[in-house]
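Shown next, in structure tokens, is the structure this report addresses.
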Amino acid sequence: MAAESPAMRRVQVAEHPRLLKLKEMFNSKFGSIPKFYVRAPGRVNIIGEHIDYCGYSVLPMAIEQDVLIAVEPVKTYTLQLANTNPLYLDFSTSANNIQIDKTKALWHNYFLCGLKGIQEHFGLSNLTGMNCLVDGNIPPSSGLSSSSALVCCAGLVTLTVLGRNLSKVELAEICAKSERYIGTEGGGMDQSISFLAEEGTAKLIEFSPLRATDVKLPSGAVFVIANSCVEMNKAATSHFNIRVMECRLAAKLLAKYKNLQWDNVLRLEEVQAKLGISLEEMLLVTEDALHPEPYNPEEICRCLGISLEELRTQILSPNTQDVLIFKLYQRAKHVYSEAARVLQFKKICEEAPENMVQLLGELMNQSHMSCRDMYECSCPELDQLVDICRKFGAQGSRLTGAGWGGCTVSIVPADKLPGFLANVHKAYYQRSDGSLAPEKQSLFATKPGGGALVFLEA
């Protein structure tokens, strides 16, 4: 499965309203018709938050919302990008001189990340030009991977224009690395599920080496996504990269405490692997080695026996060099406990006990508590939305995606779904103060969708 390339399908564009509309808009924009179309889906992470970049497995599924791009390769060396959403401005640049400005999280930079990743993988200096019209229906900054879907879609667009071949796994790995051009130090979950997803099944995604295993979700329950309407842009805020660094520092301190070679340790999973012990035992080591009070840079230097200068230049990333407190104990506790919950979740899905929906719900609830209290990546609106979802029949509810805004995911018994949707809509979205913009409101049941594809007109 993993060695396969993304599928290419011939379609009658006239039979697909969204493709047809995109084709017509492309024609009025560029005066020509697209040669092909590419889609890459968003995702919802069911459980396993903020642990992919620590080396641990996660459990997402693709959603039907996606990024769709109409493409026409051109003979010039100009890349022209347009978006069906008028809020996202047109952009054009020379295809041979791709510059990505990390200081601005502009939509076209995500496209450029995917393009540059493929270009560098093949060591190409000259790229052909192209006209592209982008259409996305994933709510932006909502924790459903709209930005990674755009990176993946652009990567597959570039690969297709070049007429080259890569497996889904290779594409996922290239796109995960290339998103770092915009300054996001993610772990690779979003890009992996965008390429490796299959309809009808969630996936356990494991890293180094990257692989995906089917996880059959319970048939008597539905996963419901609700948008808190608080936007969080990972590339534009420092929260995310500070968490990545806190986990890295925690890993180094734990390794030092256990007399391991700590200087080349980057991830919390490496410490567990080197010690050869269980996640439960890692939680006990964390209790012994780290204290709940925040660490300042001076104390970290004392623990590791290095100078402040070495800490700044050799360990901290440019955007975390001015951080004054690091909560290492709390971050490590979250990561090791969340990694255990993911494995537990998969085991329950496999064994399918009578009360599996209740058991899975409890794991999702524990995950939210850990994200809120130990990882501090929730916000008041997410906490309120989670409470409302539980009140109206969700067996479990949690924030999904990076947090600090975005969406919740809830597991709801199928027979309770209509009442659940009506009640949550009323309690959260129809507030008396009318403060939530209608266009941001989204509350929908979702099922596992398929991965990235190329469409050719039949």
With a 4.5 Å limit on heavy-atom distance, are the side chains of [X] and [Y] in contact?
| X | Y | result |
| --- | --- | --- |
| His368 | Arg390 | yes |
| Glu206 | Thr213 | yes |
| Leu260 | Leu275 | yes |
| Ile69 | Asp135 | no |
| Lys252 | Leu304 | yes |

I'd like to know if the side chain of [X] reaches the main chain of [Y], judged simply by a donor and an acceptor atom lying under 3.5 Å from each other, with no hydrogens or angles considered.
| X | Y | answer |
| --- | --- | --- |
| Ser57 | Leu204 | no |
| Glu376 | Asp373 | no |
| Ser145 | Ser148 | no |
| Arg243 | Tyr375 | yes |
| Ser370 | Ser367 | no |
| Asn45 | Gly401 | no |

Taking 4.0 angstrom as the limit, do [X] and [Y] come out as a salt bridge?
| X | Y | value |
| --- | --- | --- |
| Glu49 | Arg398 | yes |
| Lys347 | Glu350 | no |
| Lys116 | Glu120 | yes |
| Arg312 | Asp322 | yes |
| Lys203 | Asp214 | yes |

*Residue list, side chain to side chain contact (heavy atoms under 4.5 Å, CB included) with Gln272, at least two apart or on another chain*: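 If we apply the side chain to side chain contact (heavy atoms under 4.5 Å, CB included) test to Gln272, skipping adjacent residues, the hits are Tyr56, Leu279, Met282.
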
*Report the residues that fulfil side chain to side chain contact (heavy atoms under 4.5 Å, CB included) with Arg267, sequence neighbours left out, ordered by chain and then residue number.*
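Arg267: side chain to side chain contact (heavy atoms under 4.5 Å, CB included) contacts with Glu270.
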
Side-chain donor-acceptor distances from residues 409-422 under 3.5 Å, at least two apart:
{"unit_1": "Ser410", "atom_1": "OG", "unit_2": "Ser397", "atom_2": "OG", "d": "2.8"}

*asked:* Assess, by modelled atom type and distance only, whether the side chains of Ser194 and Gln191 contain a donor and an acceptor separated by less than 3.5 Å.
replied: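 The criterion, which ignores hydrogens and geometry beyond distance, is not satisfied for Gln191 and Ser194.
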
_Under 3.5 Å side-chain donor-acceptor pair for Tyr329 and Glu287_ =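 Indeed, the side chains of Tyr329 and Glu287 share at least one donor-acceptor pair under 3.5 Å.
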
*Should the pair Trp404 and His50 be assigned to parallel (<30°), tilted (30 to 60°) or perpendicular (>60°) ring geometry?*
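Correct class here is perpendicular.
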
*For Tyr295, is the NZ or CZ atom of Lys327 found under 6.0 angstrom from the centre of its six-membered ring and inside 45 degrees of the ring axis?*
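Cation-pi check for Lys327 and Tyr295: fails.
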
*Please round to the nearest 0.5 Å and tell me the distance separating atom CD of Gln395 and atom SG of Cys389.*
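Rounded to the nearest 0.5 Å, the CD-SG separation comes out at 13.0 Å.
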
_Leu115 side, atom CG; Asn109 side, atom CG - distance, nearest 0.5 Å_ =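 It is 12.0 Å, given to the nearest 0.5 Å.
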
*Would Ser442 and Phe444 satisfy side-chain contact (heavy atoms from CB on, under 4.5 Å), going step by step from the backbone distance to the final call?*
CA-CA 6 Å; Ser442 52; Phe444 57 93; 4.2 Å; yes

